[in-house]
Each structure stands twice: as structure tokens, then as C-alpha cells.
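Numbered from 1 within each chain, the chains take letters A, B, ... in sequence-line order. Owing to the predicted nature of the structure, the values given are computational and were not obtained by experimental measurement.
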Protein chains: 2
Amino acid sequence: MKAKTKEDVRPDFQACPVEYTLDIIGGKWKGVLLYHLIEGTKRFNEFRKLCPNITHRMLTLQLRELERDGIIHRKVYQQVPPKVEYSLTDLGMTLVPIIRMMKEWGDRHKGHREAADEKAE
Amino acid sequence: MKAKTKEDVRPDFQACPVEYTLDIIGGKWKGVLLYHLIEGTKRFNEFRKLCPNITHRMLTLQLRELERDGIIHRKVYQQVPPKVEYSLTDLGMTLVPIIRMMKEWGDRHKGHREAADEKAE
DNA sequence: CTGTATCCCAAACGATACTG
DNA sequence: CAGTATCGTTTGGGATACAG
């Protein structure tokens, strides 16, 4: 008997709208990317400087998903060398309040886990 | 050269507080579990009924992580059969506004992707 | 500069069986 | 009822090389 694949399971977003939202912004880097986009348009390599830990590959993938979900817009300048600018769409803008709240919550509470980490080392 | 394991990389929560918050509520089921906890205390099997897609194992793991991060409290009644109640801690309560916003956003915008899914089938 | 493609290891997860 | 342990598969994601 084959195990269920991802496609077989229809996540019940009806029952859990929170799950739907998290599915869009909960990706490993999406929250951070969106946060930086609040300040304005960003280029590919700008993201890499802002998030040194993200790999080339992951940045591409995460941006693609956000684009696919209609959260960000990708503007390509047809020139050499290429230039691509990412920005929030109108739909993306509606996420800004949530991102901001998460930013503030993180600022206010990130101490907790650091304290726990200290003890662990 | 050994590939970096998860432990080797210290995520820079300093630079990205959003990342820290998402690390806590962004788990596959955490948002949903927290959402249901807003209404009040829940038992293990209540969660299973509320989220039929979550497996026994995953429910345990996600609850453990939330407990470890100080977001939820686990109250064990020493009796047979066992009874365990989960509830939000004070810290967990501070997340409620964020969860609520994600719930509302999901309700309002979940139509988008469904439309895309229709076309895909 | 901004990607895409491939390979491959590590982590996540489901299924299942067992326990107090 | 509410878990834990183990196993095997699937997925995530890093490193690297190549391309327009």
C-alpha cells in the first residue's frame, strides 16, 4: 500500500484559515523577505545581503512561491546585466499588519529562548 | 567536508525578529492548534477531532515544542484513564492578536488559491 | 546579475506497534 | 486516554555547476 502523497491530502483550509495564511507566509524565509519588502522594492542580491544565511537556491524558490501566491510582484528589466525588482502586490500589502505584529512580538520576546540557550551550553 | 547540520547554524534572530516569531508559530500545525486554544482548554483527542489530518505523532511533537517554548501549558491529571489539558500560557496569550489576524486574513483571501486549484484539475 | 539543474545528505513525517 | 519508540519513506534544503 502506497503511502499518501502530498497531493492526496487536501488540507482543510475551510476548517483552519490560519493554516492557509501560514502556508503562504510560514515558509522558512518568507516572513523575513516580506518584512524587508515593507520598506520598499528589493533586488535579488539585496535580499542575499539582508539575509546572509539564505542560500541562492532557497531565495529563488521562496520568491517564486510568493510570486505564485500573488503576494509579490517580479519586475524584470530587459537589459544586460539583468536587473530584477521585487515588490509587494496589493494582496501582499494586506499582509503588512501581520508581518509587523510578528516583528514586534519577536523583538519583545526573543529573549526567552536565548536564556534557555545559555543554559543549554 | 561535512555538510552543515541544523545545530551548526545559529539563526540570526537579532536581524530578523519575524523569523523568530515564525519559528515558534510557523510549524506545520502550531498556528491551528493555537487558534483552537484561543477558545479555551483542549484535550489531546479534542485536537485530533478538530484537525483530522494531523497524525497522533505530529500532534504530540507540535504540542511538545509549543510547551518547550513556553506558549502552552500542559496539565496532567493523575488518574486512570489519563487526562491531559492544554491551555495558553500568559506568553501564549500575547500571540492571540496575531493568530486572530491570520485567521481573518485566511478567511478573506483563501478564495484566491482555490480558484487556481480549480484550473489545475 | 539573476537565475536553473543536478546531486545528495539530513530532517520531517506517516504508519505502526507498544505502554502506563 | 495519552502518550513513546522504531522504522522506512518523502521532502527540504545545501553545494555546486552551468546559463541567459
Side-chain angles (χ1 to χ4, degrees), chain A residues 1-12 19 22-24 26-33 36-37 41-68 72-87, chain B residues 1-12 19 22-24 26-33 36-37 41-68 72-87:
Chain A
M1 173 72 143
K2 197 178 136 242
K4 276 188 243 185
T5 67
K6 199 177 184 181
E7 324 309 325
D8 296 333
V9 182
R10 266 212 173 286
D12 44 355
E19 189 183 350
L22 272 175
D23 204 56
I24 289 181
K28 195 160 203 281
W29 297 96
K30 292 181 186 176
V32 189
L33 297 179
H36 289 304
L37 279 175
T41 293
K42 291 275 175 297
R43 296 183 57 178
F44 191 83
N45 271 357
E46 291 187 79
F47 282 124
R48 302 198 66 189
K49 277 162 203 155
L50 290 166
C51 311
N53 285 334
I54 195 172
T55 60
H56 193 141
R57 191 184 109 102
M58 281 311 293
L59 181 53
T60 306
L61 291 177
Q62 299 278 291
L63 288 170
R64 285 296 169 280
E65 286 186 28
L66 287 170
E67 187 189 1
R68 208 166 296 141
I72 66 175
H73 176 69
R74 180 164 171 267
K75 177 167 186 180
V76 182
Y77 292 83
Q78 286 299 349
Q79 59 183 48
V80 178
K83 174 181 171 183
V84 179
E85 283 181 346
Y86 293 93
S87 57
Chain B
M1 170 73 141
K2 195 178 138 243
K4 276 190 244 183
T5 67
K6 199 178 183 184
E7 325 310 326
D8 297 333
V9 181
R10 268 211 175 286
D12 45 354
E19 189 183 351
L22 272 176
D23 204 55
I24 288 180
K28 195 159 202 283
W29 297 96
K30 291 181 186 175
V32 190
L33 298 180
H36 289 303
L37 279 174
T41 293
K42 291 275 175 296
R43 296 183 56 178
F44 191 84
N45 271 357
E46 289 187 79
F47 282 124
R48 302 198 65 188
K49 275 161 204 156
L50 290 165
C51 311
N53 285 334
I54 195 171
T55 62
H56 193 141
R57 193 184 106 100
M58 281 312 292
L59 181 53
T60 306
L61 291 177
Q62 299 278 291
L63 287 171
R64 287 294 171 281
E65 286 185 29
L66 288 170
E67 189 189 358
R68 207 167 297 141
I72 66 176
H73 176 69
R74 180 165 171 266
K75 177 167 185 180
V76 183
Y77 293 82
Q78 284 299 346
Q79 61 184 46
V80 179
K83 175 180 171 184
V84 179
E85 284 182 347
Y86 293 92
S87 56

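- Partners of A/Arg57 according to the side chain to side chain contact (heavy atoms under 4.5 Å, CB included) rule, which considers only residues two or more places apart in sequence or in another chain, are A/Thr55, A/Leu61.
- Annotation: side chain to side chain contact (heavy atoms under 4.5 Å, CB included) contacts of B/Val80 (sequence neighbours excluded): none.
- When the P atom of C/dC1 is taken as reference, atom CZ of A/Phe47 falls 16 Å away, rounded to whole Å.
- In terms of the side chain to side chain donor-acceptor pair (under 3.5 Å) criterion, B/Arg43 has no residue partners (sequence neighbours excluded).
- The stretch residues 73-83 of chain A touches DNA chain C through A/Arg74, A/Pro81, A/Pro82, each having a heavy atom under 4.0 angstrom from the strand.
- Residues A/Leu59 and A/Arg48 form a side-chain contact, since some pair of their non-hydrogen atoms from C-beta on lies under 4.5 Å apart.
- If you check residues 58-68 of chain B against DNA chain D, the residues with a heavy atom closer than 4.0 Å are B/Thr60, B/Arg64, listed by number.
- In this structure, B/Lys49 atom NZ and D/dC1 atom P are separated by 7 Å, rounded to whole Å.
- Between the CG atom of B/Asp23 and the P atom of C/dA11 there is a distance of 15 Å, rounded to whole Å.
- Nucleotide D/dC1 holds its C1' atom 12 Å from the CD atom of B/Glu46, rounded to whole Å.
- The listed nucleotides are C/dG3, D/dC1, C/dA15; the one nearest the side chain of B/Asn45 is D/dC1.
- Within the 4.5 Å cutoff, the side chain of A/Leu37 has no heavy atoms near those of the A/Leu66 side chain.
- The ring pair (Phe, Tyr, Trp, His ring centres under 6.0 Å) test applied to B/Phe44 returns B/His56, not counting sequence neighbours.
- When heavy atoms are screened at a 4.0 angstrom cut-off, A/Tyr86 is found touching the sugar-phosphate backbone but no base atom.
- Note on A/Arg43: a side-chain N or O is less than 4.0 Å away from OP1 or OP2 of C/dT2.
- B/Gln62 places a side-chain N or O within 3.5 Å of a backbone atom of B/Trp29 that can act as its donor or acceptor partner.
- Comparing the helix axis at one end of the helix from C/dC1-D/dG20 to C/dG20-D/dC1 with that at the other, each defined from 5 consecutive pairs, gives an inter-axis angle of 50° (nearest 10°).
- Protein atom CZ of B/Arg48 is 11 Å distant from nucleotide atom P of C/dA15, rounded to whole Å.
- Counting heavy atoms from C-beta outward, A/Val76 and A/Arg74 have side chains that approach closer than 4.5 Å.
- In this structure, A/Lys28 atom NZ and C/dA11 atom C1' are separated by 11 Å, rounded to whole Å.
- When rounded to the nearest whole Å, the span between NZ of B/Lys42 and P of D/dC1 equals 17 Å.
- Taking only side-chain nitrogens and oxygens, B/Arg57 never comes nearer than 4.0 Å to OP1 or OP2 of C/dA15.
- The shortest side-chain heavy-atom distance between A/His36 and A/Cys51 falls under the 4.5 Å cut-off.
- Listed by first and then second residue, the salt bridge (charged side-chain N to carboxylate O under 4.0 Å, His left out) pairs involving residues 58-68 of chain B are B/Lys30-B/Glu65 (not counting sequence neighbours).
- Applying the salt bridge (charged side-chain N to carboxylate O under 4.0 Å, His left out) test to A/Glu46 and every residue at least two apart in sequence or in another chain returns nothing.
- Here A/Gln79 pairs with A/Tyr77, A/Lys83 under the side chain to side chain contact (heavy atoms under 4.5 Å, CB included) rule; sequence neighbours left out.
- Contact annotation: side chain of A/His56 to base of D/dG14, donor-acceptor pair absent below 3.5 Å.
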